[in-house]
Engineer: 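The structure that follows is given in the form of C-alpha cells.
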Amino acid sequence: MTFDELVIVTVNGISFGFLLFLVAVGLSLVFGVMGILNLAHGAFFMLGAYLAYEFGGAAALSLPLFILVMIGSGLVTAAIAAVLEAALFRRIYYREHLEILVFAFALIFVAEGAVRLQWGPNPLIMSYPEGFASSVSIFGAPVPEWSLLIIVAGLVILAGLAFLLFRTRIGYVIRAVAEDSHMAGALGLNVGLVFTGVFALGALLAAIGGSLVAPTLALTPQLGLLFLVQAFAVVVVGGLDSIPGSLVAAIILGLANSFLVFTFSGWAPYSFYLGLIVVLLLRPQGILGSRELTKQVG
Amino acid sequence: MRRIPALVMLVVLVSAVLAACGGGQGGAPGGAGTDEPIRIGVLAPLTGAQSTLGQEEKRGADLAAKMLNEDGGVLGRPIELVYRDGQGSPAEAVQIVRDFANEDINFTLGYVSSAQCLAVTPVAEQLGVLVMSSYCQTTKVTGSEFTENFFRATTSAEMLTRAGAQAIVQEDGDIAEWSSISPDYEYGHITWTIFKNQMELLVDGFEVVGEVWPPFQAASFSDHITKLNNSLSGHDQAGIFSSLYSGDMINMLSQAAPIGLVEGHPFLMLGTDLDAIRPLGQAGNVPTAWISVAYYHEAFDNPVNTEFVKAFQAEYGVVPIGYNATAFMSVTAYAAAIEKAGSTEVQAVHDALEGLTWQTPLGETTIRAEDHQAMFESLAMFKIAPADNEQGFEVTDVITIPGQDVSSPPHPGEVGEFSQ
C-alpha cells in the first residue's frame, strides 16, 4: 500500500464510519432508553433520503439550501416517527425481543411498500451540492469533498448530541429515564413523552444520514435494508446502550472495511460480521457498553 | 388480553405488506374448452432489490399479451399472464415453478438471476414445465448445465460481452490496456472472462492493468474506486469494463464522479440500461460510454419494432428499453410456437420452439434446436455522453453488430470456449 492509498483509505474509512454512526446512533439511543432493538430504524434512514429528494430535487443545490433540505427531511421524518411511537411502538416495549424484532422487521416492509407507492420502484439520485462535486488533494491523494463534508457533519452532530445529553435539562431527563424509567416516572417525569422524543430524535439522525447519502447512493425502496446489517453490527460492537461506543465501533469497522479492500479484498465484505463475531465471543456487552441484549429494561 | 390488539395489528400489517407486494393471483385451472385462456406463468422480481427490472419486464410482457389478444389471441384463445413475485432467491423460484405446475401452468417465462435459472431447470424438466428466460445471462444453461425444457429468448452473457467488445474496438480503435470494475459473483466474473478472451482475438498486445471486485449491492464503492483509479495511473488510454448494473452502476458512477475515475478513458458498460442512466443524467453524472444491452429502440428498422415502440409509447408514455423488449419477445415466442404446433400440448410446444423462427423487435430471430438459445440477426450497441439538455445526456451513436459474430456454435453439455 502506497502513502497515497493510506491517506485516501483512511479518509474513506472514517467518512464511511461517520455515516454509519449517524445511522447507528439512533438505534443505540432507543436501546439505551427504551431497551428495544428497533430494526425499523432503517426505514427512517430511507425516508430521510427520499424526503431530501422530494424537497431538493435532482439538480444541484447550494450548500445552505441542501442543509435546509436536510433539516426539513429530518424534521418531517421525526414527526412521522413520533406518531409511530405513540401509536404502535409504545405497545410493544415490554414484549420479548423476538416479537419486537419481527414487528420492526414487518414495518420495514410496510415502509418499502409505502415508498414504492409514493416514489415508484425506479432508482433516484440527488446531485452533489454546488462546489462539492469534485475532489481535493490531500498529500497528493484525491479525496472527494463530499467524504470530508460527511466527516464534518458527523462531528457537528456528535457535538450537538453531547451538548443535548450532558448540558441541558432535556438531557438530564433522558438520562434519568434511561437509568430507571420506573423511578423517573414515580418522580413525576413524563416518561411517555421522553420515549416519544428519543424515538423521534433517533429518526431525525437517521434521516440526516439518509439525506447525506442521497447524492452517492441510488434511492430505491430497499435502501432501508442496505445499511441495516452494518448499523446493527456497529451498535453491537460498540455496546448497545453506548453512544461513544457506536462512534468508536463505526470508525473501527469503517476503517477495517476500507483497509481490507486494499489488503485481503476477499475478506472485506465480511468485515462487519467478523467484528460482530469477535465482540460477541470476547466482550458480549460491546466495546463500551454495559448491557447485553438478553437483559431488558422495564 | 393486552397482547391481542398488538398481535392483530401485526397480522394486519403483515397481510397489508403481502397484499401490497405480492404478485397477481392465479386464475382457476384452465379447462380444455377452446376459448379458455392460454395461461403463461411469469416469474419476475416485482418487489425487492431488482424490482425496477421486474416492473419493466412486466410492462413488456403485458403489452405483448394485450397486442396478441387484440389481434384475436393465439389459436383463437386469449393469452393470460399469471404473475408470481420471485425476488431472486433460487429456492423461491423452484417453489414458484412447482406452484405453476400444480396450477396446470406449463409455460413460464421471466427468471432474472442466473442462479434462479440454474436452480429451476432440472425441476422444470421433472415437472414437465417449459422455462423461457427473458433475462438471465449465464452461458451454463445453454452449455454445461443444459436441460431439455430450458429456452432463452434473449441474449446470453457471451453475446452481450462479445458484441460490446467488438463495438468499442470498431468505433474507438485498438485499445490494448483494459481494467474492470465488476460485481463479485458469477455474472461479473464470467463476463470479464469472456471480454478478455474476445479482446485477445481482437487486439494485439491486449493487457489487463487492473481489476476490482466490489460485492453485489455494496453500500460504498469508494475503496474499490480508489484502487482502480490507482491502477489506472500511468495508463491514461486504458479502457474500463464494467458489468455492474442498475443501482450498483448508479452508485459506483455517483461515487466515482468526484475523482473523475472514468473521465478520458474508453468505457464499456455491460447490461446497464437507460433505467440507470436516466437518474444519473438528472444528477449530472453521466459518463461518456458504450452500452451493450442488445436493444435500442431506434436501432432496428423492422415492422415489429415500429409497432412495438409505438404501442409501448401509447401505453406507458416512454420509449421501451431492453428489459421491456426481452419480456415482449418471450411472450411472442410462446405465441408463435403454439401457433406453429397448433396445440397447447407441452411436448408439441417444446418441439415447435426448437428451431422456431419468429419476428421480434430485434428482427428475425431463431431459437437454435441444439441448445435452445435465441439467435439474432444483429444486436444494438449505443454510446451515451453528458449533454447540456433536460435529460443530462444524449445518445451520440447507435450501431449494430451482426449476431453471427458474437456467438459460438452450440455446445450443450459443455463449457463454451469463450467462458473458460
Side-chain angles (χ1 to χ4, degrees), chain A residues 2 4-5 8-9 12-13 15-16 19 57-60 88 91-92 95 99 102-103 106-107 109-110 112-114 116-117 120-128 132-135 141-147 213 215-218 220-222 225-227 230 257-258 261-262 265-266 268-269, chain B residues 2-3 5-7 9-10 13-14 16-21 46-56 184 212-227 229-230 233 246-251 254-260 275-276 278-285 392:
Chain A
T2 62
D4 277 17
E5 284 176 346
I8 190 162
V9 168
N12 281 348
S15 172
F16 189 49
L19 196 60
L88 299 179
R91 297 159 194 271
I92 59 157
R95 299 291 192 78
E99 288 178 58
V102 171
F103 176 81
L107 265 187
F109 290 105
V110 173
E112 182 186 324
R116 184 188 309 279
L117 285 177
N122 290 328
L124 305 169
I125 195 154
M126 289 180 80
S127 299
Y128 292 100
F132 288 86
S134 53
S135 57
V143 175
E145 287 156 349
W146 197 242
S147 301
V213 299
T216 65
L217 271 184
T220 67
Q222 289 73 47
L225 290 167
L226 188 62
F227 276 101
Q230 282 102 327
N257 184 64
S258 287
V261 169
F262 277 82
S265 61
Chain B
R2 249 193 101 235
R3 288 175 170 248
L7 188 65
M9 201 157 56
L10 179 64
L13 280 171
V14 170
V17 176
L18 293 177
C21 306
L46 299 172
T47 61
Q50 292 183 309
S51 59
T52 312
L53 211 154
Q55 295 292 342
E56 294 296 351
D184 194 9
V212 292
W213 300 101
F216 182 52
Q217 292 181 350
S220 168
F221 288 82
S222 324
D223 301 308
H224 293 96
I225 289 165
T226 303
K227 205 172 166 185
N229 196 42
N230 286 357
S233 95
S246 204
D248 278 352
M249 182 57 98
I250 299 174
N251 296 344
S254 302
Q255 294 171 25
I259 63 164
D275 67 310
R278 285 174 187 143
L280 283 166
Q282 299 288 311
N285 285 329

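Excluded from the calculations below are hydrogen atoms, water molecules and symmetry mates; all remaining heavy atoms, backbone and side chain alike, are included. Order of the sequence lines fixes the chain letters, A, B, ..., with proteins taken first and strands second; residue numbering starts at 1 for each chain.
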Engineer: What option among Leu280(B), Asn251(B), Asp275(B) has the most heavy-atom pairs under 4.5 Å with chain A?
Structural biologist: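 Counting heavy-atom pairs under 4.5 Å, the top option is Asn251(B).
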Engineer: With rounding to the nearest 0.5 Å, note down the distance linking CG in Asp248(B) to CG in Leu217(A).
Structural biologist: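 Going from the CG atom of Asp248(B) to the CG atom of Leu217(A) covers 10.0 Å.
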Engineer: Can you name the closest pair of heavy atoms from Asn230(B) and Glu5(A) and give their distance?
Structural biologist: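 In terms of heavy atoms, the two residues are closest at ND2-CG, 2.7 Å.
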Engineer: For the atom pair CG (Asn12(A)) and OG1 (Thr226(B)), what is the distance rounded to the nearest 0.5 Å?
Structural biologist: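 Asn12(A) atom CG to Thr226(B) atom OG1 measures 4.5 Å (nearest 0.5 Å).
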Engineer: I need the minimum non-hydrogen distance between Ser254(B) and Pro215(A), along with the two atoms involved.
Structural biologist: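 Heavy-atom minimum between the residues: CB-O, 3.6 Å.
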Engineer: Considering all heavy atoms of both residues, which atom of Ala219(B) and which atom of Gln230(A) are nearest to each other, and what is their separation?
Structural biologist: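 Smallest heavy-atom distance, with atoms named: CB-NE2, 4.2 Å.
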Engineer: Restricting to non-hydrogen atoms, name the atom on Ser135(A) and the atom on Ile259(B) that form the minimum distance, rounded to 0.1 Å.
Structural biologist: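 Residues Ser135(A) and Ile259(B), closest heavy atoms: CB-CG2, 3.9 Å.
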Engineer: Side chain, backbone, both or neither: which part of Ile8(A) has a non-hydrogen atom closer than 4.5 Å to chain B?
Structural biologist: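 The answer is the side chain of Ile8(A).
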Engineer: Can you tell me which of Pro269(A), Ala133(A), Gly57(A), Ser15(A) forms the most heavy-atom pairs within a distance under 4.5 Å of chain B?
Structural biologist: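 The residue among Pro269(A), Ala133(A), Gly57(A), Ser15(A) with the greatest pair count is Ala133(A).
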Engineer: Of all the heavy-atom pairs spanning Ser258(A) and Asp223(B), show the shortest one and how long it is.
Structural biologist: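 Minimum heavy-atom separation between Ser258(A) and Asp223(B): OG-OD2, 2.8 Å.
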Engineer: Check each atom of Pro221(A) against the heavy atoms of chain B and say whether the ones under 4.5 Å are side chain, backbone, both or neither.
Structural biologist: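 Neither part.
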Engineer: Pick one of side chain, backbone, both or neither for Asn285(B), based on which atoms fall under 4.5 Å of a heavy atom in chain A.
Structural biologist: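 Interface part for Asn285(B): side chain.
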Engineer: Report yes if some heavy atom in the side chain of Ile125(A) is under 4.5 Å from a heavy atom in the side chain of Gln282(B); otherwise report no.
Structural biologist: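 In short, these two side chains do not touch, never coming nearer than 4.5 Å.
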Engineer: Determine, stepwise, if the pair Glu56(B) / Asn122(A) fulfils side chain to side chain contact (heavy atoms under 4.5 Å, CB included).
Structural biologist: CA-CA 10 Å; Glu56(B) 294 296 351; Asn122(A) 290 328; 4.2 Å; yes
Engineer: Should Tyr128(A) and Pro258(B) count as side-chain neighbours, where that means a heavy-atom distance under 4.5 Å?
Structural biologist: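 Contact flag for Tyr128(A)/Pro258(B) side chains = yes.
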Engineer: Does any heavy atom of chain B fall under 4.5 Å from the side chain of Ala60(A), the backbone, both, or neither of them?
Structural biologist: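 Neither part.
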Engineer: Side-chain donor-acceptor pair under 3.5 Å between Ser51(B) and Arg116(A), yes or no?
Structural biologist: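 Note: Ser51(B) and Arg116(A) side chains meet the donor-acceptor criterion.
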Engineer: In terms of heavy-atom proximity below 4.5 Å to chain A, should Asn229(B) be classed as side chain, backbone, both, or neither?
Structural biologist: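 For Asn229(B), side-chain heavy atoms alone lie under 4.5 Å from chain A.
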Engineer: Would you compute the distance between atom CD of Gln217(B) and atom OG1 of Thr220(A) and round it to the nearest 0.5 angstrom?
Structural biologist: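 Separation between the atoms: 8.0 Å.
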Engineer: Need one label for Gln255(B): side chain, backbone, both or neither, based on atoms under 4.5 Å from any heavy atom in chain A.
Structural biologist: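 Contact with chain A involves both backbone and side-chain atoms of Gln255(B).
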